[in-house]
Amino acid sequence: MRYEVVLGERTMIVELEALGGLLTVDGRAVAVDIREIRAERAWHVLIDGSAHDVTVLSPPRQDPLRLQVGGVEVRGRVSDARTVSARLTAKASGAHTRVELRAPMPGLLKALHVREGDVVDEGTGMATLEAMKMENELRSPARARVVRIAVRAGDKVEGGALLVVLGPIGTAVEPEVGQE
Amino acid sequence: MRYEVVLGERTMIVELEALGGLLTVDGRAVAVDIREIRAERAWHVLIDGSAHDVTVLSPPRQDPLRLQVGGVEVRGRVSDARTVSARLTAKASGAHTRVELRAPMPGLLKALHVREGDVVDEGTGMATLEAMKMENELRSPARARVVRIAVRAGDKVEGGALLVVLGPIGTAVEPEVGQE
Amino acid sequence: MRLTKVLVANRGEIAVRVIRACRDVGLRSVAVYSEADRDALHVRLADEAYPIGPAPATQSYLRGDKLIAVARGAGCDAVHPGYGFLSENAGFAEAVAAAGLVFVGPPAAVQRRLGDKIAARRLARDAGVPVVGGTFEPVADLDAARGAAEQIGYPLILKPAGGGGGKGMRIVATAAGLADAWRGATGEAQSALGAPAAFVVEHFVGAARHVEVQFVADDHGAVVPLGERDCSIQRRHQKLIEETPGPSVDETLREGLFDAAVRVARAAGYRNAGTAEFLVAPDGSFTFLEVNTRLQVEHPITELVTGIDLVQLQLRLAAGEPLPFARADVRAHGAAIECRLTAEDPFAGFLPAAGTITVVREASGPGVRLDGALVPGMVVASEYDPLLAKLACWGVDRPAALARMRRALGEMVISGIPTTLPFHRATLGEPDFVAGRYDTGYITAHWPRETVLGEEAAVAAAIVAVLVSRSAASGAPSTTDPAATDPAVPGAWARAGRHEGLR
Amino acid sequence: MRLTKVLVANRGEIAVRVIRACRDVGLRSVAVYSEADRDALHVRLADEAYPIGPAPATQSYLRGDKLIAVARGAGCDAVHPGYGFLSENAGFAEAVAAAGLVFVGPPAAVQRRLGDKIAARRLARDAGVPVVGGTFEPVADLDAARGAAEQIGYPLILKPAGGGGGKGMRIVATAAGLADAWRGATGEAQSALGAPAAFVVEHFVGAARHVEVQFVADDHGAVVPLGERDCSIQRRHQKLIEETPGPSVDETLREGLFDAAVRVARAAGYRNAGTAEFLVAPDGSFTFLEVNTRLQVEHPITELVTGIDLVQLQLRLAAGEPLPFARADVRAHGAAIECRLTAEDPFAGFLPAAGTITVVREASGPGVRLDGALVPGMVVASEYDPLLAKLACWGVDRPAALARMRRALGEMVISGIPTTLPFHRATLGEPDFVAGRYDTGYITAHWPRETVLGEEAAVAAAIVAVLVSRSAASGAPSTTDPAATDPAVPGAWARAGRHEGLR
């Protein structure tokens, strides 16, 4: 699983491999020993012996996270594949406008579950993208019409590649070669 | 509900009335304002303005309780009608021997649910004793035979009065006028 | 007279502080609480506690009648007002005395002499203490202000004679701004005080340090200065950091300030503990500002360097005891600094933050003193002052005290609501502050500062952020394998991400 | 030389104490941890942390080789041993030095000179310091013991020359008991030390006070005594309460003790911090016992009265710096007392108690210092010393320090396991202790004491006991109505049992 972490001014990519247990930060493998201290909502992180006491200051479910690390306070936001895609489509809520669903990361498009012209409900799974050895279901953010499908099952896609375009229920299907 | 509280060397009787909300300690009505401080497993008790911070030091379910009150540590044990009766019958576990169930407090025997000669399972309700305006179900501590019933429904009984005698399954019913 | 039981007419950390002093000298303490404060620490630590009304202070902690009724009902013989609320209300001091109770603080007459800025300025001037150039008569209209301004010169500051907390104050840079400033100041003062206010017009001293002198006075005529405190780290007249000795105060200046404080106190017929505030210009000259006729929030740093417990002393003085020391007996050892931990968000213009405190980890160890009322689970109510706790550190010298404060700030955790902790941590590492180069303009010039996170600390924070957001998303508590510690010699112990929680 | 990074070769509260001192002087700190201590506070507060093996100390904290490997691997230049574990192990000090690291404590040669009781007695005698009447040669068999006893007189005490912790010691009242005692002592010593032990035979001093002198010595020949501590409140040679100044120590005795400590330290060529222990008889005469060649658990009380940070000073002295003060510069202000909070059950013969600490409420406020490693949820392992925290209080005089300690003990909460808190609370209120009338027999004579609960406190406790047992029986969390506070004026606020939780 791949996460985008915004810490203060800085953005970092944290990848957790599902089975092998490999952890990388910005592409660098990190040897880490982590303990949760539940009574304090704190985590103690040892990185090659270097010790970091990280306390979560913000109440559960508050965004952004406020973290205290070695006496420094920093605000953080985490997006995973799903939330990145959700964020991209957030504006589509109610699908009054045209919304482009893009690949949140490079990967293999394992399956397409919809066809152009279909009307999908909020939460309908539209495509399965395999990335970082995880299958990520891309779901519709709202009731809408699939006005364009830009990929085929089996395609390898780059991060950011256009996958599906949604529009209001009454919209016509878009031509194959459009403004994209 | 009536409780016997042993605090250090001292025994106190605390009664909580079910509906009226009256609290008495050793027969004296106490005007009390209590707040639980959950994060510390502490209770703050105001009695006519006099303030007492009571912290439960012992882990949950440990007997005796260890309480810290105003900087003094004291050990406490609480018995209610049921646990007093359970304690009296604890030796009966498995009912290999004759066990006498006695009234844990004075009250009205509202109902009898068993007859002499019945075989009861562990937990079978045998009688309902009303005391301190609470109905207390007296249950069998083990699978056993009811070998004697010493009271009738509607009787007023004194604390300690014999109610029911249990014996091993194979025991005969005891004669009405026995060694009791 | 001998005291036996004290009503603590306050809440929060200062109520806790007073209760502790009562316990230390063998007095019983009686707390009061509003509906918002039934679970508060001051209620839990007192010997007795009584409710005084709904959460708004006007219906509880500011209700002198209720406080006095509780004091009498509970058999108290003294009332300690703490600071804030009714501590500088001469009417309350008078009512307490009229009820046959001892007021722990200066009597009403002294409070009146020093509570009005014009009266205090005159008193100081007549006592031979330098006062900022300005008016000694109430200024009631724009024409009078204009006349005064011509004599004083710009920049100047307009202050309501009877106000406090910065309300109705205006700094005026040039004559062109006077009329507008006058309208703004008088309007604000009227709405704050409920009546047209008389004003003081004073020369405005920029780039100055705020230095104050703690003094104590007994009923027998003795007045002793206990030390100065530099309180220049302020925003909108609210102090955030204080230290003693003042980094810019040399022996000559100190003696000058001490003498001035004693002269003002004597002229006012002062009793009990008080603080004379001064502005110190870059050239070392100083002018009198005002006297706070109560305990100050920053009193612990004076206690740390002198070994004198000011609240115990207040109680003894209120009982009529003479001062147990003379000026020459008081010696300051080392240096001390205090950081005010308040429920304010330093990243959002110090906006007060209400909410529930979820976790508290208190700093402790050598040289660290925490005066607080922090309890995990406590609700910080928006009705009251946001001060949560005062963290004070002592060291043999200023660098030692600052080092301990940095350590203590690093250990301290308050979760659930924003606090000023990040501001303090940043400031204690900021070169100008560390060098002692600061004045009342410090915060404006130096805050906000960028947060600097080391590379590995950033990696650790990023990983934790991911774990937290995963557990929040799944709704399940986060898990790491508690058995996953590899006991081995250095070099081999760290295996990458073999933790259950990372899968 | 200049130090930069220190290996803290210990755990728990003393490791935390050393880490704090490192932070205060700008040194990086490196913690080590056994498998039982991955979550411990000393690991969380250090800059770096490395595992050193399984929980048993013999496989972790006593493994000098691993500790030195970590120190070298992490780039440390010094090792602080704390107390206990390897702190008085001359072989470890030697190995540390051989590895090119600075040992923060006296060098191996000094430890050897003072570690053997016979060598130390000779050294003290030759330095002109009074020593308890007894042998100066190893006593190897019963005949020799009998001969020594005739010269010394009864009662006497047999002590293994190389032992510690009370193992193999026997008090002998009359000649009739000598043979039995000799067999018991030698047997016990053999099994504890693994080899036949040489013995010291000493006159036994009953009804004495245990008074010790803290001293510091630099590499340049200066030795300075910093003050005495009375540590007579002991059980089985384990101290529980210490205070300074000693309540029975007058200026003459103090100077005598100081001079004796300095003479012994000089004779041993002492470096760094050490403590000379003495027995003081009721007539004020004293005899030398031994020197502890390390920091003492009770060092905070000396820090509180002198303002000197002993661990910071240890680090500076280890780096070769000269003492920054002379004997005449050191002045004690006020009085200080320490209570050791240990995981032992005072109601069960001080039996060590392992378990999980569920709740911690730390005492704080004026005059209170807590040195601990307490974290809610922490597991107290049976493998290690039961010391959890040291609570130390300062006051202008002994009564003031005791009053603050009573207050602090009252505020302190440690839930989940038995601790010595009830013992301390009882002792701080016991008339003989309060009067300063105590010797090493105090605990035997005064403990256990009956717990006295006021009438209303008992009522409050009984009600809470019922509520707790109800909620335990129902399995549901206990509830009281959080809205059930009645805001009213005194006299009317208390309505009987209208709380949801009481139904």
Side-chain angles (χ1 to χ4, degrees), chain A residues 3 5 7-10 12 14-62 64-76 78, chain D residues 5-8 11 15-16 18-20 22-24 26-52 66-67 69-76 356-362 372-380 413-416:
Chain A
Y3 299 87
V5 183
L7 273 186
E9 307 284 281
R10 185 172 170 184
M12 303 170 86
V14 176
E15 292 174 72
L16 303 181
E17 203 179 286
L19 294 172
L22 186 69
L23 170 67
T24 68
V25 177
D26 289 345
R28 181 168 71 88
V30 180
V32 67
D33 178 13
I34 304 181
R35 298 289 282 230
E36 183 176 6
I37 291 96
R38 290 201 185 200
E40 300 182 39
R41 220 165 165 239
W43 308 67
H44 190 256
V45 183
L46 283 172
I47 302 174
D48 283 335
S50 167
H52 304 276
D53 210 43
V54 185
T55 305
V56 181
L57 299 175
S58 46
R61 271 160 257 282
Q62 183 178 293
L65 284 168
R66 288 191 301 118
L67 301 174
Q68 178 171 324
V69 198
V72 173
E73 192 173 317
V74 65
R75 310 208 164 197
V78 178
Chain D
K5 198 193 263 192
V6 178
L7 182 87
V8 183
R11 65 179 297 282
V16 168
V18 175
I19 289 165
R20 283 175 170 154
C22 288
R23 197 141 290 167
D24 287 350
L27 297 174
R28 286 181 63 80
S29 52
V30 177
V32 290
Y33 58 93
S34 74
E35 283 171 36
D37 282 343
R38 172 64 184 88
D39 294 345
L41 191 60
H42 76 278
V43 176
R44 296 178 58 198
L45 291 182
D47 293 314
E48 299 176 30
Y50 300 95
I52 48 165
K66 286 190 186 175
L67 295 167
V70 169
R72 294 178 59 113
C76 295
T356 301
I357 291 179
T358 50
V359 172
V360 176
R361 192 168 89 191
E362 300 197 339
L374 289 166
V375 179
M378 75 182 267
V379 176
V380 178
V413 172
I414 303 175
S415 295

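These figures come from a predicted structure and were not determined experimentally. Protein chains get the first letters and strands the later ones, always in sequence-line order, with residue 1 at the start of each.
Surrounding CZ of Arg75(A) are more than 12 heavy atoms belonging to other residues, nucleotides or ligands, all under 6.0 Å away.
Residues Val43(D) and His44(A) have side chains in contact (heavy-atom distance under 4.5 Å, counting atoms from C-beta outward). A heavy-atom distance below 4.5 Å is found between the side chains of Tyr33(D) and Leu46(A). Taking 4.5 Å as the limit, some side-chain heavy atom of Arg38(D) sits within range of a side-chain heavy atom of Asp33(A).
Residue Arg44(D) holds its CZ atom at 6.5 Å from OG1 of Thr55(A), rounded to the nearest 0.5 Å. Here the straight-line distance linking atom CG of Asp39(D) with atom CZ of Arg38(A) works out to 11.0 Å at 0.5 Å rounding.
Nearest heavy atom pair, residue Ala51(A) against residue Ala46(D), reads CB-O, 3.6 Å.
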